[in-house]
There are 2 protein chains.
Amino acid sequence: MSIEFSRTSVSRSPRKRKGQGGERREEILAEALRLIGERGVQGVSTRQIAEAVGISQPSLYAYFPSRDAIVEELHDRAFVLLVQALDQFRPTPGKPLEQAVEYLRVYVDFGLQNPDAYRVAFMIEGAAKPKPPVADPSAKPAMQAFDRLREAVRTLHLNGGAYKADPEALAQCLWAGLHGLVSLLIARPNFPWAEREALIRTHLILLARGVLNDDQAAA
Amino acid sequence: MSIEFSRTSVSRSPRKRKGQGGERREEILAEALRLIGERGVQGVSTRQIAEAVGISQPSLYAYFPSRDAIVEELHDRAFVLLVQALDQFRPTPGKPLEQAVEYLRVYVDFGLQNPDAYRVAFMIEGAAKPKPPVADPSAKPAMQAFDRLREAVRTLHLNGGAYKADPEALAQCLWAGLHGLVSLLIARPNFPWAEREALIRTHLILLARGVLNDDQAAA
DNA sequence: CGAAGCAACCTAACACTGTCAAGATGCTTG
DNA sequence: CAAGCATCTTGACAGTGTTAGGTTGCTTCG
């Protein structure tokens with residue numbers, strides 16, 4: 001890598017006072033997210049994070065059991081932000097199709113406006129190394145985010161009967177459709193995309209039309 | 001990592017004869033893909049690949065300029081396989097909707113049957129480190145694969161007029177929709193998915209309905 | 001005020017990683 | 001048989017995540 005400037009003792013941050021270790025934790029997470037945004041999840045080392053925070057690198061292990069634990073915490077926090085964004089949505093009165101499009105748009109905009117968080121949340125290759133199954137998966141922020149989509153589909157179902165299909169499957173299709181667009185837009189910025197605004201609208205209308213029945217879609 | 005068995009000289013492969021260096025190249029790629037399938041892209045080291053092939057680890061650098069070059073070659077080859085799969089498709093006569101669903105299904109099945117290849121092709125975080133732009137991007141296998149989707153949408157457009165929207169954007173929506181489902185199914189095997197067959201059919205019908213116009217979809 | 005206790009933090013070291021430099025080996029052709 | 005060169009090796013370097021063990025210095029209690 002060969003960094004130019006001096007590597008020896010770069011402006012250490014003053015030692016935290018006795019009960020304030022939590023502050024360090026937050027600083028670590030903040031710097032980690034910032035660096036990941038610049039260099040990608042794989043491009044950031046614990047030494048770089050520690051140097052940005054202003055502590056020695058093994059000190060990280062006083063706050064996190066491993067490097068992956070830092071990423072995982074960012075992962076969970078990203079989902080919390082997503083859930084907040086979805087919950088803050090208040091539909092403007094109008095056609096069901098437009099309302100559905102608006103709601104799905106919240107997901108897309110979240111991803112595009114917080115690409116670092118979205119990357120960490122969805123696009124890390126954590127798989128292939130089997131992790132011990134977590135105690136209560138439904139408590140994880142990721143599941144709570146999906147619950148919002150499930151709930152949205154169910155509401156549409158009640159409010160006039162959506163396209164005849166398992167609502168659970170429909171919600172998963174919605175999620176897959178949204179994730180596909182967002183992840184590709186983030187991961188492949190060099191692809192010759194169509195004009196972004198039109199592309200997103202087309203995609204969301206396509207998805208919404210698939211979930212709504214024909215009457216709702218036409219209304 | 002701490003491997004049990006002996007590390008010193010584990011059954012070297014005999015030296016290739018003079019013009020046969022290409023064989024080694026293929027062996028390296030094969031072992032690399034196999035190991036990546038087992039342990040994930042990040043979980044495989046050049047030393048592990050070299051040991052599996054039966055050569056010393058720096059020997060890899062006689063065939064590839066870097067570790068990433070190995071992954072990238074696998075990446076391109078995965079797309080070639082995808083293009084082949086798409087090109088081999090011959091529709092069974094029937095309704096336009098069913099034909100479209102069948103065609104999209106080729107993409108999904110390819111991803112699910114070749115998860116290693118699909119991972120390497122689509123789900124590696126190659127971004128964030130800006131690569132020098134390739135000379136002719138349209139020559140890359142990835143682009144050729146997308147061309148197939150573009151062509152499919154255009155055919156539908158001619159054969160009766162698809163949903164009114166930019167065909168290019170529609171093709172990109174299709175791709176995003178397909179990729180979303182495949183990548184999530186591969187990356188999140190522990191998610192409480194709906195029954196897979198029904199899920200895929202629901203998703204593909206949703207996408208196809210979005211591209212076809214109402215008459216075609218109903219026919 | 002002084003001393004105990006412990007949170008906060010550090011240095012040193014380990015096994016691993018990708019990559020480079022320089023040399024040895026041995027098939028193949030003249 | 002000898003030259004030439006593709007093939008492959010050993011050795012080293014700087015980087016990585018992680019652990020062990022020791023030091024610092026704030027805080028609280030006697």
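Protein chains get the first letters and strands the later ones, always in sequence-line order, with residue 1 at the start of each.
- Shown here are the salt bridge (charged side-chain N to carboxylate O under 4.0 Å, His left out) partners of B:E23, two or more places apart in sequence or in another chain: B:K16.
- With hydrogens and angles ignored, the 3.5 Å screen pairs no side-chain donor or acceptor of A:R150 with any backbone N or O of A:A171.
- Protein atom CD1 of B:I70 is 14 Å distant from nucleotide atom P of C:dT17, rounded to whole Å.
- In this view, A:N114 and A:F110, A:A117 satisfy the side chain to side chain contact (heavy atoms under 4.5 Å, CB included) rule, not counting sequence neighbours.
- Atom-to-atom, CD1 of A:I55 to P of C:dC10 comes out at 7 Å; the value is rounded to the nearest Å.
- One interatomic measurement links the two molecules: CZ of B:R12 to P of D:dC8, which rounds to 11 Å at whole-angstrom precision.
- Remark: A:Y63 is in phosphate contact with C:dC9, judged by side-chain N or O atoms under 4.0 Å from OP1 or OP2.
- Atom C1' of nucleotide C:dC20 and atom CZ of B:F64 are separated by 18 Å, given to the nearest angstrom.
- To the nearest 0.5 Å, atom CD1 of residue B:I205 and atom NE2 of residue B:H203 are 11.5 Å apart.
- With B:R209 contributing its side chain and A:R209 its backbone, the two residues share a donor-acceptor pair below 3.5 Å.
- At whole-Å resolution of the value, CD in B:E51 and C1' in C:dC16 are 14 Å apart.
- At whole-Å resolution of the value, CZ in A:R39 and C1' in D:dT16 are 14 Å apart.
- Comparing D:dC8, D:dT16, C:dT19 by their nearest atom to the side chain of B:R47 picks out C:dT19.
- Summary of helix geometry: the two end axes of the helix from C:dC1-D:dG30 to C:dG30-D:dC1, each defined by five base pairs via their C1' atoms, are inclined to each other by 10° (rounded to 10°).
- Shown here are the salt bridge (charged side-chain N to carboxylate O under 4.0 Å, His left out) partners of B:E151, two or more places apart in sequence or in another chain: B:R154.
- Among D:dC8, C:dC10, C:dG18, the nucleotide with an atom closest to any side-chain atom of B:Q57 is C:dG18.
- When each of D:dT9, C:dC9, D:dT18 is scored by its nearest atom to the side-chain atoms of B:S56, the top-ranked nucleotide is D:dT9.
- Between the CG atom of A:L35 and the P atom of D:dT16 there is a distance of 12 Å, given to the nearest Å.
- Judged by distance alone, the side chain of A:R148 and the main-chain N or O of A:Q144 form a donor-acceptor pair under 3.5 Å.
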Report all side-chain donor-acceptor pairs from residues 173-182 of chain B shorter than 3.5 Å, counting only partners two or more places apart or in another chain.
unit_1 : atom_1 : unit_2 : atom_2 : d
B:W175 : NE1    : B:Y107 : OH     : 3.4
B:H179 : ND1    : B:Y118 : OH     : 2.8

| task | Scan nucleotides 21-27 of chain C nucleotide by nucleotide, 5' to 3', and note B when protein non-hydrogen atoms come under 4.0 Å of the base, S if they reach only the sugar-phosphate, - if neither. | result | ----BBB

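- Not one N or O on the side chain of B:E31 forms a donor-acceptor pair closer than 3.5 Å with the backbone of B:E51.
- C:dC9 atom C1' lies 11 Å from atom CD1 of A:I28, rounded to whole Å.
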